[in-house]
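Single-structure report; data block below.
Everything quoted here is computed from the prediction, not taken from an experiment. We're numbering straight along the sequence, starting at 1.
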Amino acid sequence: MAGQHQPHRTMAERREQLLDATVAVIREGGLSAVTTRTVTARAGVRPSALYYYFEDRDALIGALIDRELSITLCHVWETVEQAAGVREGVESALLAYLAHVQRDEAYQLMVAELTVTALRRAGPTGVRTTYERLLASATDLVERWSAVRGSTWALPVEVVARALVSQGSAIVSSWLCTRDDAGVRAEIAAMALAMSSLETRAA
């Protein structure tokens, strides 16, 4: 409870506590249930504590979206390090992303709702930082592939990275809409093949 003594936490730990509380509130009552009082009550802290870490409700929602991105990247990019080539790397990354979504589909639907809400309330600026981080990560991956394999690309690296990001979003939407595991895996295989066609090996 908020009135009880709380164990000492670092600022980072308290911030994560508030984000975890936000997820719990959304799971129980939907996004509309997220208020300063419901989140802080769930976290067991005073209502004023929220504003030490987040400017307002929109900032809290944005931070939650950003955290989901970080979790996703940890699951996805680590799978491509040992891939033999671009086709295998893209396929393993997208399959890892799909597996991450399938582990908790209710949470992924929640993240989708958060993203739409951020876009509606703040326009592209509401999720631009998150997208830019995702694009930067994909760009880094493509550049590392290029360095290791001595490759060039038929399109600019940023365009290749944007395509990779778009494919991740597409497979999530496809699976959430259909729950067709075999069909989405076939889509992933086709996407990986198409991406590999953009790579040209250096002479």
Task: Intermediate values then yes/no, side chain to side chain contact (heavy atoms under 4.5 Å, CB included), Y53 and L60 - done: CA-CA 8 Å; Y53 305 96; L60 174 66; over 6 Å; no
Task: side chain to side chain contact (heavy atoms under 4.5 Å, CB included) evaluation trace for Y51 with T36 - done: CA-CA 9 Å; Y51 298 103; T36 298; 2.7 Å; yes
Open item on the list: Could you go through V101 and I171, starting from their C-alpha distance and side-chain angles, then the distance that decides it, and tell me whether this counts as side chain to side chain contact (heavy atoms under 4.5 Å, CB included)?
Closed with: CA-CA 10 Å; V101 171; I171 65 109; 5.8 Å; no
- [ ] Mind running side chain to side chain contact (heavy atoms under 4.5 Å, CB included) on Q108 and H100 for me, showing each step along the way?
- [x] CA-CA 9 Å; Q108 295 302 320; H100 175 61; 3.7 Å; yes
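Residues T10 and R15 fail the side-chain proximity criterion, which asks for heavy atoms closer than 4.5 Å. In this structure, R57 and V34 have side chains that are in contact, with non-hydrogen atoms separated by less than 4.5 Å.
Residue pairs that meet the side chain to side chain donor-acceptor pair (under 3.5 Å) test with at least one member in residues 156-171, sequence neighbours left out, are Y131-R162, E158-R162. Pairs of residues two or more places apart, or lying in two chains, that qualify as salt bridge (Lys or Arg N to Asp or Glu O under 4.0 Å) and include a residue from residues 16-26 are E16-R67, D20-R67.
Of all non-hydrogen atoms in W153 and T200, the two that sit nearest each other are N-OG1, 4.1 Å.
D140 has a carboxylate O that lies under 4.0 Å from a charged side-chain N of R144, or vice versa, which qualifies the two as a salt bridge. Ion pairing between R42 and E28 holds under the 4.0 Å rule for side-chain N and carboxylate O.
Within 6.0 Å of atom CD in E55, 12 or fewer heavy atoms from other residues, nucleotides or ligands are found, so the atom counts as exposed in its surroundings.
Every residue was checked against the salt bridge (charged side-chain N to carboxylate O under 4.0 Å, His left out) condition with E187, not counting sequence neighbours, and none meets it.
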